[in-house]
*Asks:* 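Take a look at the following structure, please.
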Amino acid sequence: MQPNLTVRIGKLKLRNPVMAASGTFGYGEEFADWLDLGCLGAIVSKTVTLKPRMGNPMPRTCETPAGMLNSIGLENPGVDKFISDKLPVLKKAGVPIIASIASEGDPDEFVVLAKRLDKMKEVAALELNISCPNVRLAGKPVSRLAGSTGTPAHRHTGTLIAQDPKATYQLVRAVRRVTRKTLITKLSPNVTDIVSIAQAAEAGGSDAVALINTLSGMSIDAETRKPRIAMVTAGLSGPAIRPVAVRMVWEAYQKIKIPIIGMGGIMDTLSALEFIIAGAAAVSIGTANFINPRVSREIINGLKEYLKTNKIASIRQVVGSVRI
Amino acid sequence: MQPNLTVRIGKLKLRNPVMAASGTFGYGEEFADWLDLGCLGAIVSKTVTLKPRMGNPMPRTCETPAGMLNSIGLENPGVDKFISDKLPVLKKAGVPIIASIASEGDPDEFVVLAKRLDKMKEVAALELNISCPNVRLAGKPVSRLAGSTGTPAHRHTGTLIAQDPKATYQLVRAVRRVTRKTLITKLSPNVTDIVSIAQAAEAGGSDAVALINTLSGMSIDAETRKPRIAMVTAGLSGPAIRPVAVRMVWEAYQKIKIPIIGMGGIMDTLSALEFIIAGAAAVSIGTANFINPRVSREIINGLKEYLKTNKIASIRQVVGSVRI
Amino acid sequence: MDQMRLTVLYNKQLKSGFFLLALEAPQMARKAAPGQFLNIRITDGVEPLLRRPLSIHRVTGKNIELLYQVVGQGTLLLAQKQAGDKLDIIGPLGKGFDYLKPITYNLKPILIAGGMGVAPLVFLAESISRLKPKTRNLKPIVLIGAKTKSQILCRREFIKAGCTVKIATDDGSRGFKGYVSELLTNLLLTIDQRPLTIYACGPHPMLREVARIAAQRGIPAQVSLEAHMACGIGACLGCAVKVKGQGSRDRGQGKDQKGDFEYKRVCKEGPVFAAREILWEE
Amino acid sequence: MDQMRLTVLYNKQLKSGFFLLALEAPQMARKAAPGQFLNIRITDGVEPLLRRPLSIHRVTGKNIELLYQVVGQGTLLLAQKQAGDKLDIIGPLGKGFDYLKPITYNLKPILIAGGMGVAPLVFLAESISRLKPKTRNLKPIVLIGAKTKSQILCRREFIKAGCTVKIATDDGSRGFKGYVSELLTNLLLTIDQRPLTIYACGPHPMLREVARIAAQRGIPAQVSLEAHMACGIGACLGCAVKVKGQGSRDRGQGKDQKGDFEYKRVCKEGPVFAAREILWEE
Ligand SMILES: Cc1cc2nc3c(=O)[nH]c(=O)nc-3n(C[C@H](O)[C@H](O)[C@H](O)COP(=O)(O)OP(=O)(O)OC[C@H]3O[C@@H](n4cnc5c(N)ncnc54)[C@H](O)[C@@H]3O)c2cc1C
Ligand SMILES: Cc1cc2nc3c(=O)[nH]c(=O)nc-3n(C[C@H](O)[C@H](O)[C@H](O)COP(=O)(O)OP(=O)(O)OC[C@H]3O[C@@H](n4cnc5c(N)ncnc54)[C@H](O)[C@@H]3O)c2cc1C
Ligand SMILES: Cc1cc2nc3c(=O)[nH]c(=O)nc-3n(C[C@H](O)[C@H](O)[C@H](O)COP(=O)(O)O)c2cc1C
Ligand SMILES: Cc1cc2nc3c(=O)[nH]c(=O)nc-3n(C[C@H](O)[C@H](O)[C@H](O)COP(=O)(O)O)c2cc1C
Ligand code: FES
Ligand code: FES
């Protein structure tokens, strides 16, 4: 008997629980040489904003122990180009496309974006990226931050929507009103209490939460005394953050009913299983795509093997099955 | 000319900025075989509580990518034994001894402990461990948690004092009233905004802040589906967390005036320098002691070399010198 | 205890997955006692981050031999080391077997090894043999338990050290079919020599069973325990084992279903403990 | 583009710290163009986590040669690979030099290498040489810049490919004393052949200087850039470089002191760019 890998996220039924994480999979096409994109559970596209964004100055990435920092700054062509140029390409993959969206400051932009994308049948679901650590906007003039030439002095104030339960609730609710598509809210690990934020997203009407986005981090080259990333602080991803991510998935799983999409340092089948066992209904692969563009396929096969070996009929039986 | 490594932390003058982190250096004696303890800037002793603590069930430690999880549970002999048995041994090191203290639930215990240790001339300073992720107590009956047989169901509620600015302020203030010794407050990275907590500690009268304690994390053995740590969640330390720690030091440095003792994944001279350049007046070595018991000495020598090579007269000129 | 960079003399595969590594370690060889271990830094980097503890398998002159099985990343990397490579080593660490007193008291030693548990027991057998117990009676009996024939290790070494060797395999492919603890029970039914003493090293369930059997018959037993070790030098308190409460107030005491207990450090107060000291749990 | 486990044929130290590694890579060898690179997974583990990009240094039949300097952990581990080892490789990646059109237009090639910049230029020189430019006039002039005599690489390979080689060292220990860009200025003062074209690879300040000189004299120049690469396949947007704004609306556009610009990906639209495209900054 073939084990059942299908999972449900809101209205979506995925053929398997392995998705490509936003910002780490380009617009799919970059991976077509290595991967039959059709094997994926879903693709989450690079976060798109209303207007095009240049992104941040260089250097934008560096390596850290078992991890990496990035401060891309949500470089993207804007929603118009996304719809005209990127969606048709993404669609060819033949799997559900989850469009990740963010505002550049005014939360209303989420609503505008959601309305626009709600009309696109190629978009299977929306992911609200309220947690990108590389754009901090709340409470400050948008113009000072949206540009690519933001000076260091402006960078580090403001909180993310995902750092405030109330703001999270309000934003999710506002978007919920304008779309019937499946809504996923992507949360930040840079919080005191992930549960309260996950609950706020649930209460606001989110169909699922995705966690985690990157941890805020910083690295300095002691020789030059310069930060290794131009924007000084950046988002930490990769295996280094996995224990934090698994813990947050487990904490949230106990307190919310909507499905969790787990991610953070998944490198192989065993680490994907850690998340599922902790309570993730599905997983996203981020940084690992850079190292092994075929990793998603390997994990899908690995999950299948795991179910067979352990004589488990469906991956859903594994979700949250940690033995405490 | 010999470069000047001395630093001031409150009333303390340390011969160099390299300290042994609480809980990772035993009571000093464990390292005497490998290290002339007299070379250290200071030793922070394992956190002591009013009553003896058994600590948590096994397994208490496991490895993660570039890091480790621990849930020791503040095993310690209690303050009486600490004073009678451990302090005399620690004193022999000939360097300032910083006594780390924690309550098992009732914050007043901090005050009682501070009063007792205030009388001990062997104690150079007090470190308030308000951030141990392995004992979560606020708002729950102490008896249910202080024992070593806490069942999993009780483990994961409650917040740390270090997760709440107000609680931090009140606690520091209460302790400040009963001791004139140098006070260091050790903060948790498991917060939305490290700056507000650091400011609360400063406002409460702390002479310095130590950051960071461990990140809360979890790891699961996918084969057995069991958590790798008996208490399920545990504290993540080691190089994996360094970017988070450096970032927090830098954020705090810009907003507080009291010195910062930086730690989190320091493995060698270059990583110690990262913290100092980010704004740490001193650094603590934790997990690295387990891997190389002589690492503190190597870092002290390395810092000396760095100053010489770069013709810098004093380490204090390096503090916060990041070039943005 | 020392921390040194030692030279690998050889590192050879004995059987599939089992390696014998020799180090030039005159200073540590002199101090080493059976049951003690070395803590080995596998790489200068962070993968794996922590040291790996391995028992001292044999001391031959100035050299120390380690016997290990490849079970994960650390041992896999170790297996790739070659003669001439240097390893950063701390040791000898921990408290080993107390075998002098039992010999003085004329207790006949029974050594029980489960799986890799043979590693420290060869050093123990050779150390007992070096005492040249006058009566043949005091030469050890060794019970080796293995999954299957091909995983039986060190039989020859024990015999060379003058021991009588008996074998149990889970699948019966050699010797007694069943657990080595059952073999022990059988032995105790037939052996008429008394008094006896037991030294055991192996998986936790085996040690628990051996401890139970020994307690039943009033035979003193020492067991070598394992625990995940972050430091190996007594600093992290990560390797705790529950021992029966002895009124010590040095650390806190607790209560559980089985009564008073306290924690000891496997790396410092152990890895060898008196079996009756341990609070055995499932 | 492929992802394959390829066999190391040899990996030898040329000079202290400089290594030449050959891979059996028939498929990639066929597709490779000068200026393209391979992205190499150094370890199966996480240390280092990311791949390391290295230019294709030479294609010899079915083999690809890489020339690299040990500068950190990744290259240090790479230097330890031995013949027979397998490496997980992605490539060929990126957009290489456009040398066909310039030859057709009879532009005499000047190749300028700073430090490790020689690596891709040997492949370029050999590719141009394979086109058998009829006139000696179209054989490349190569300017090699190095810190000191002992770090001059590939002189012989360029000569074998029919190039004229001139050398500059920072310390004057061989050839012209000074920067290779100064050597270029001198050359342009004396050379009477026209039209010219420039291909350059080396440190950023050198490339900026070469671009400035080329722009001044109206000589078309192509430069191979470096950037920290997380993915190497265009997915992460980490390796951006500022190019002059061309009204493209595909990504956002920005303004800075020097005017309109947009970002391109060094790993995908590069690493080779037309020098005049780049918005050169300090
Ligand atoms: C005091 C002491 C002495 C030891 N002596 C020997 C010896 O002489 N020969 C020998 O082969 N092994 C010995 N071990 C066990 C050895 O330390 C582990 O096998 C080794 O650390 C595994 O490292 P790894 O990186 O290969 O595996 P890891 O990747 O760390 O783990 C792989 C698997 O190995 C098992 N494992 C890991 N650590 C331990 C441990 N400490 N105890 C038991 N199982 C573990 C776990 O099941 C884990 O899933 C000893 C352990 C201790 C504490
Ligand atoms: C397209 C491309 C082609 C390249 N071709 C070659 C080549 O043919 N031969 C060769 O020797 N090198 C080449 N490099 C540079 C090479 O990729 C780096 O030297 C290598 O990644 C360093 O890895 P490491 O782990 O040894 O050093 P790390 O530990 O990563 O870094 C050590 C030091 O090396 C420098 N460094 C690291 N990465 C880069 C980089 N991407 N560019 C420049 N400096 C860096 C930094 O100063 C850093 O402090 C190329 C780079 C790119 C982007
Ligand atoms: C280079 C890079 C770019 C990213 N861009 C985005 C983004 O645009 N939107 C988003 O929601 N997350 C983005 N992320 C976060 C990832 O989707 C993911 O949440 C995070 O990296 C943790 O997973 P990982 O450790 O598997 O990479 C980005 C991550 C990286 C490394
Ligand atoms: C095994 C272990 C035990 C610890 N015990 C304590 C403790 O008792 N009190 C305390 O304040 N911090 C304790 N810590 C935290 C360290 O002091 C330090 O803040 C943290 O490990 C980060 O530094 P590192 O990455 O260098 O280890 C402990 C850490 C470890 C690994
Ligand atoms: S392993 Fe650290 S105390 Fe035993
Ligand atoms: S390195 Fe990722 S886009 Fe170029």
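Quick note on labels: first sequence line is chain A, next is B, and so on, each numbered from 1. All heavy atoms count here, side chains included; hydrogens, waters and symmetry mates do not.
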*Asks:* Please classify the contact between T224(B) and chain A as side chain, backbone, both or neither, with a heavy-atom cut-off of under 4.5 Å.
*Replies:*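 For T224(B), the contact with chain A is made by the backbone alone.
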*Asks:* So, do W250(B) and I220(A) sit near enough that their side-chain heavy atoms are less than 4.5 Å apart?
*Replies:*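 When only atoms from C-beta onward are counted, I220(A) and W250(B) do not touch, as no gap falls below 4.5 Å.
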*Asks:* If we check side-chain contact (heavy atoms from CB on, under 4.5 Å) with P65(B), which of these qualifies: P65(A), P239(A), S271(A)?
*Replies:*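 Going through P65(A), P239(A), S271(A) one by one, the side-chain contact (heavy atoms from CB on, under 4.5 Å) with P65(B) is satisfied by P239(A) alone.
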*Asks:* side-chain contact (heavy atoms from CB on, under 4.5 Å) with M218(B): which of E274(A), M248(A), R247(A), E251(A)?
*Replies:*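 Among E274(A), M248(A), R247(A), E251(A), the one meeting side-chain contact (heavy atoms from CB on, under 4.5 Å) with M218(B) is R247(A).
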*Asks:* Among S219(B), G67(B), P189(B), which residue forms the greatest number of heavy-atom pairs with chain A at distances under 4.5 Å?
*Replies:*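 The answer is S219(B).
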*Asks:* Identify which part of L270(B) has an atom lying under 4.5 Å from any heavy atom of chain A, answering side chain, backbone, both or neither.
*Replies:*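 For L270(B), heavy atoms of backbone and side chain both lie under 4.5 Å from chain A.
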*Asks:* Can you name the closest pair of heavy atoms from P243(B) and L69(A) and give their distance?
*Replies:*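 Heavy atoms only, the tightest pair is CB-CD2, 4.3 Å.
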*Asks:* Can you tell me which portion of T64(B) sits under 4.5 Å from chain A's heavy atoms? Options are side chain, backbone, both or neither.
*Replies:*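 Contact with chain A involves the side chain of T64(B) alone.
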*Asks:* Most heavy-atom pairs under 4.5 angstrom with chain A, which of T309(B), L273(B), V246(B), N310(B)?
*Replies:*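 Ranked by heavy-atom pairs under 4.5 Å with chain A, first place is V246(B).
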*Asks:* Is Y306(B) in contact with chain A via its backbone, its side chain, both, or neither, using a 4.5 Å heavy-atom distance?
*Replies:*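 When you check distances to chain A, only side chain atoms of Y306(B) fall under 4.5 Å.
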*Asks:* Nearest heavy-atom pair of I324(B) and P227(A): which atoms, and what distance?
*Replies:*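 That would be CD1-CG, 3.8 Å.
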*Asks:* For D193(A) and T159(B): C-alpha separation, side-chain torsions, deciding distance, then whether side chain to side chain contact (heavy atoms under 4.5 Å, CB included) applies.
*Replies:* CA-CA 9 Å; D193(A) 179 16; T159(B) 36; 5.9 Å; no
*Asks:* Which residue in the set I197(A), N190(A), T192(A) passes side-chain contact (heavy atoms from CB on, under 4.5 Å) when paired with T192(B)?
*Replies:*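 Result for side-chain contact (heavy atoms from CB on, under 4.5 Å) with T192(B): T192(A).
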*Asks:* Below 4.5 Å, heavy-atom pairs only: which of E223(B), R242(B), R323(B) has the largest tally toward chain A?
*Replies:*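 Most heavy-atom pairs under 4.5 Å with chain A: R323(B).
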*Asks:* So which residue, A222(A), A245(A), G265(A), ends up with the most heavy-atom pairs under 4.5 Å with chain B?
*Replies:*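 Highest number of heavy-atom pairs under 4.5 Å: A222(A).
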